[in-house]
Amino acid sequence: MEKHNTKWFNVECVPECFTFSKEERPGDAPIPICNKIPVIDLGKSQKIETIKQLLQAGQEFGFFQVINHEIPESVTTQTMSTFEEFFNNMTDEEKVNVPTRKGWIFTGSEEEVKNGVQLWRDNIKHPCHPLEKCMQSWPDKPATYKEVVGRYVAEIRKLSLTILGLIGQGLGIETGYFDEQSEVQLLSANNYPACPDPSLTLGILKHLDPSLITIIYQGNVSGLQVLVDGKWMWIDAVPNAFVVNIGNQLEIISNGMLRSVMHRAVTNSKEARTSIALFVNPTPNSIVEPAKVLLNDSNPPLYKSIIYKDFINASKAFGAHTDVIQNDA
């Protein structure tokens, strides 16, 4: 019990260091669930209809959810349980020693400072490509971490290729383009403890993802919000579904046809929430530019060509630890 009482989030009111400005905090106003963001059935035999739904969702919202994705529920359940165990059992001493380790990064709430205020979360990040090599440097505890999370990453890789393949087909990009030009580069798992006043805090500030697509598993607890027509809206937690959002690199490749949109993570007062995000990125040395098949006199390129690793390094796209992540990847 004594150990439990030392947790940073066991407080009766939100400390000032976690209180965001009125402009940034969620506030008390009710936020609706966005029922317009589609839940797309990848198991349908009519692929033309599936492609149409993916493109429409990418154009209108930059977000969609997928079901019947062929990832066994047992895999997602085991992975979620592994991360919950990781966050719940990590000691203060282990947190202090993490920065000296190569292969993964842990950032606790006291380190997650944005605009002078700390985020209400703990987080682990680590590279995932090449998978077999990266796995050797992942956490040793829980004992099943490497096996369980490695299997999860492999399943997400297959899912990412399915989704990108369908999107590429819809855009008219050559078959197999994303097989060679994408990789599941980074995992970021978050633990958002229950908060005494969610109106004051944030789990993650509003942001865009520097990916092709990001695939998120949020379990049965909602916490992800997306900006739709200038208003924040909830993305519902659909059982055994994955949330997929368009990253700014796919926006470039589609020449703006697909949109990367602002999103954020908020807290709740009733229960902790764990989410697992995998960033499916261009390969580091790949040139990201509008697909030539989409360009013509009436649709000129809207974006300049960039080398992906140069973009990441220049923009510090993964925050303070960008250099470490890039070097490890």
Side-chain angles (χ1 to χ4, degrees), residues 1-22 24-34 65 76-95 98 105-125 139 141-142 145 149 187-207 216-226 232-243 263-277:
M1 184 63 68
E2 182 178 350
K3 179 181 177 182
H4 179 75
N5 289 335
T6 64
K7 295 286 188 179
W8 61 266
F9 50 82
N10 282 327
V11 292
E12 294 184 1
C13 59
V14 175
E16 186 176 353
C17 61
F18 290 101
T19 302
F20 280 87
S21 67
K22 291 183 179 180
E24 292 179 315
R25 70 178 65 162
D28 294 319
I31 294 178
I33 292 174
C34 186
Q65 300 200 59
T76 55
T77 301
Q78 279 187 306
T79 307
M80 184 67 82
S81 297
T82 297
F83 279 112
E84 289 171 351
E85 183 179 350
F86 171 84
F87 286 117
N88 289 337
N89 294 340
M90 195 168 193
T91 66
D92 290 339
E93 181 181 359
E94 288 172 326
K95 292 178 182 179
V98 166
I105 297 165
F106 179 88
T107 48
S109 60
E110 70 280 356
E111 298 174 274
E112 286 291 326
V113 178
K114 297 286 182 71
N115 298 339
V117 183
Q118 294 158 218
L119 296 174
W120 194 271
R121 73 163 184 176
D122 288 328
N123 170 269
I124 180 174
K125 291 184 179 73
K141 295 190 294 185
Y145 187 101
V149 178
L187 178 146
S188 179
N190 300 291
N191 177 56
Y192 307 102
C195 175
D197 190 348
S199 71
L200 302 176
T201 62
L202 283 169
I204 305 178
L205 281 170
K206 64 179 182 180
H207 65 285
I216 305 163
Y217 185 68
Q218 61 174 351
N220 298 318
V221 183
S222 298
L224 183 60
Q225 294 182 348
V226 61
W232 288 109
M233 304 191 77
W234 288 100
I235 293 184
D236 198 14
V238 177
N240 200 32
F242 289 95
V243 178
H263 52 286
R264 68 183 183 183
V266 299
T267 62
N268 74 80
S269 60
K270 296 180 180 179
E271 57 186 325
R273 173 177 177 262
T274 299
S275 69
I276 310 165

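Values below: every heavy atom of this structure, side chains too, minus hydrogens, waters and symmetry copies. Positions are given from 1, in the same order as the sequence printed here.
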Value rounded to 0.5 Å, distance of NZ in K22 from CG in L200: 10.5 Å

Geometric class of the F83/Y145 ring pair [parallel <30°, tilted 30-60°, perpendicular >60°]: perpendicular

Evaluation steps, side chain to side chain contact (heavy atoms under 4.5 Å, CB included), between F86 and F106: CA-CA 11 Å; F86 171 84; F106 179 88; 4.0 Å; yes

Gap between atom OG1 of T107 and atom CG of D122 - 0.5 Å precision: 7.5 Å

Under 3.5 Å, which donor-acceptor pairs do the side chains of residues 233-243 form with other protein atoms, sequence neighbours left out?
from	atom 1	to	atom 2	distance (Å)
W234	NE1	I31	O	3.1

Under 3.5 Å donor-acceptor, R264 side chain and Q225 backbone: no

Value rounded to 0.5 Å, distance of OG1 in T267 from OH in Y192: 10.0 Å

Least distance between heavy atoms, Q118 atom then F20 atom: O-CE1, 3.8 Å

Spatial distance of atom NZ (K125) from atom OG (S188) [nearest 0.5 Å]: 4.0 Å

H263 (side chain) donor-acceptor with K206 (main chain) under 3.5 angstrom: no

For P15 against T19, the heavy-atom pair lying closest together: O-OG1, 3.1 Å

Separation between CZ of R121 and CD1 of I204, rounded to the nearest 0.5 Å: 4.5 Å

Check: K141 side chain, E85 main-chain N or O, donor-acceptor pair, under 3.5 Å: no

Stepwise side chain to side chain contact (heavy atoms under 4.5 Å, CB included) test for L224 and R273: CA-CA 10 Å; L224 183 60; R273 173 177 177 262; 4.0 Å; yes

Side-chain (W120) to main-chain (P193) donor-acceptor, under 3.5 angstrom: yes

N191 backbone acceptor or donor facing N123 side chain under 3.5 Å: no

Nearest non-hydrogen partners of P26 and P198, listed with the distance: CG-O, 3.6 Å

Euclidean distance, L119 CG relative to F18 CZ, rounded to 0.5 Å: 9.0 Å

